[in-house]
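Data block below; observations after.
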Amino acid sequence: MASKIPTAILRNLGRPTLRQTCPTTRWSSSICLRMPPRANYSSEAPSVSPLLAKIKGDLKTSMRNKDATRLAVVRSVLAATLNASKTAKPVETDVQLVALLRKLSKMSQDSSSEFREAGREDLVEKEEAQARILDEYIASSGFESIGDAQLREIMTATQEELDGKGGVKELMVKLFAPGGPLYGKDVSRADVAKMAKEPESITIPLAIYREGAGSPSTED
């Protein structure tokens with residue numbers, strides 16, 4: 001004779017419960033009702049830098065206005081930010097975005113020079129037009145641009161604060177740290193690092209961080 005299902009279990013069949021455990025009976029695997037796991041939703045949307053939001057808005061605008069040059073620039077910027085999001089250094093702030101725009105502008109300027117040498121004036125104008133749009137976005141970021149003379153003054157003052165004990169690595173960290181003299185400024189890290197390694201860039205001794213060395217050392 002087939003075994004009868006206990007009455008207590010039959011009464012609870014139509015009553016969903018938040019408990020995830022079942023009675024330890026031989027019918028548990030077939031008749032125990034389990035509530036699905038509750039999804040954890042966040043009400044906070046990921047932040048987008050104001051400048052990136054503007055560029056994303058220009059995507060539809062350029063398509064509507066049939067502005068092929070700006071559309072190409074916007075798509076290249078968005079593609080670059082998407083690629084960066086898959087790395088350890090995603091573009092999350094306007095400071096990072098301006099650095100990316102500067103890099104893309106430099107690439108367009110270099111391409112323009114190469115096309116000019118090859119006699120391709122049609123492509124020269126195309127690259128220069130894209131560089132102008134990128135420079136327009138950089139200018140609209142509101143970040144302060146710094147000339148070479150002012151940059152050298154800032155680097156000298158910062159090195160004085162380090163009291164000659166830091167190398168290029170320490171100098172760069174202090175310059176670009178939040179609240180530092182170059183934080184949020186429209187300046188290239190690569191250019192600053194290159195300038196820091198030039199003896200004439202600053203007026204006091206600088207510890208040189210040699211490539212391959214484990215720690216900075218001061219040259220006599």
Side-chain angles (χ1 to χ4, degrees), residues 39-152 154-155 172-195:
N40 185 18
Y41 297 103
S42 173
S43 59
E44 297 182 0
S47 60
V48 178
S49 76
L51 183 56
L52 182 58
K54 170 180 171 52
I55 293 175
K56 286 183 176 181
D58 285 350
L59 179 64
K60 292 183 178 180
T61 303
S62 57
M63 292 176 66
R64 184 167 56 250
N65 296 338
K66 297 182 180 180
D67 188 343
T69 303
R70 186 174 294 274
L71 180 60
V73 170
V74 170
R75 282 176 170 170
S76 66
V77 173
L78 295 181
T81 57
L82 177 61
N83 292 336
S85 68
K86 302 175 183 178
T87 68
K89 296 182 178 180
V91 177
E92 298 177 335
T93 65
D94 278 355
V95 174
Q96 295 170 316
L97 182 55
V98 167
L100 174 62
L101 294 174
R102 187 188 302 280
K103 180 179 179 181
L104 294 176
S105 178
K106 181 68 165 53
M107 291 172 60
S108 291
Q109 293 171 13
D110 291 343
S111 297
S112 175
S113 299
E114 294 175 0
F115 288 137
R116 180 171 284 106
E117 292 177 359
R120 296 296 307 273
E121 292 299 325
D122 55 328
L123 297 179
V124 168
E125 175 56 31
K126 176 182 177 181
E127 294 295 336
E128 289 182 346
Q130 292 183 355
R132 286 194 296 270
I133 293 174
L134 289 165
D135 291 343
E136 175 189 317
Y137 283 128
I138 294 173
S140 68
S141 67
F143 292 123
E144 178 186 353
S145 296
I146 298 177
D148 289 349
Q150 184 181 1
L151 182 57
R152 287 189 176 91
I154 292 174
M155 293 171 64
M172 294 290 290
V173 170
K174 190 170 183 63
L175 287 170
F176 287 97
L182 296 183
Y183 180 76
K185 299 297 190 297
D186 183 16
V187 62
S188 169
R189 282 177 175 265
D191 291 343
V192 173
K194 181 179 179 180
M195 187 177 293

- line: Nearest heavy-atom approach of Ala131 to Ser105 is O-OG, 3.9 Å
Atom pair CG/CD of Leu134 and Gln130 - distance to nearest 0.5 Å: 7.5 Å
message: Any non-hydrogen side-chain atom of Phe176 less than 4.5 Å from a side-chain atom of Val95?
response: no
Sidechain N-carboxylate O distance under 4.0 Å for Asp122, Lys126: no
task: Kindly indicate whether the side chain of Asp135, heavy atoms from C-beta on, has any atom under 4.5 Å from the side chain of Gln109.
output: yes
- prompt: Are Leu78 and Leu52 side-chain neighbours, meaning at least one heavy-atom pair lies under 4.5 Å?
  reply: yes
message: Quick check for you: to the nearest 0.5 Å, what is the distance between Leu82 atom CG and Lys86 atom NZ?
response: 4.5 Å
- prompt: Which distance, rounded to the nearest 0.5 Å, do you find between the CG of Leu101 and the CD1 of Ile138?
  reply: 5.5 Å
message: To the nearest 0.5 Å, what is the distance between OG on Ser140 and CG on Asp94?
response: 9.0 Å
field: Inter-residue atom distance Arg64.CZ - Leu59.CG, 0.5 Å rounding
entry: 10.5 Å
- prompt: Would you call Pro181 and Leu175 a side-chain contact if the rule is heavy atoms closer than 4.5 Å?
  reply: yes
- prompt: Is a salt bridge present between Glu128 and Arg116, judged by a nitrogen-to-oxygen distance below 4.0 Å?
  reply: yes
query: Can you tell if the side chain of Lys60 reaches within under 4.5 Å of the side chain of Met63, non-hydrogen atoms only?
result: no
query: Run the side-chain contact (heavy atoms from CB on, under 4.5 Å) check on Val74 and Thr61 step by step: do they pass?
result: CA-CA 10 Å; Val74 170; Thr61 303; over 6 Å; no
statement: Note: Val91 and Leu100 closest approach over all heavy atoms is CG2-CD2, 4.3 Å
query: Can you find a pair of side-chain heavy atoms, one from Met107 and one from Leu104, that are under 4.5 Å apart?
result: yes
query: Are the side chains of Asp67 and Asp58 in touch, meaning some heavy atoms are under 4.5 Å apart?
result: no
statement: In this structure, CE of Met155 is separated from CE of Met172 (nearest 0.5 Å) by 8.0 Å
query: Between Leu182 and Leu151, is any pair of side-chain heavy atoms under 4.5 Å apart?
result: yes
- prompt: Within the side chain of Glu127, is there an N or O that forms a donor-acceptor pair under 3.5 Å with the backbone of Leu123?
  reply: no
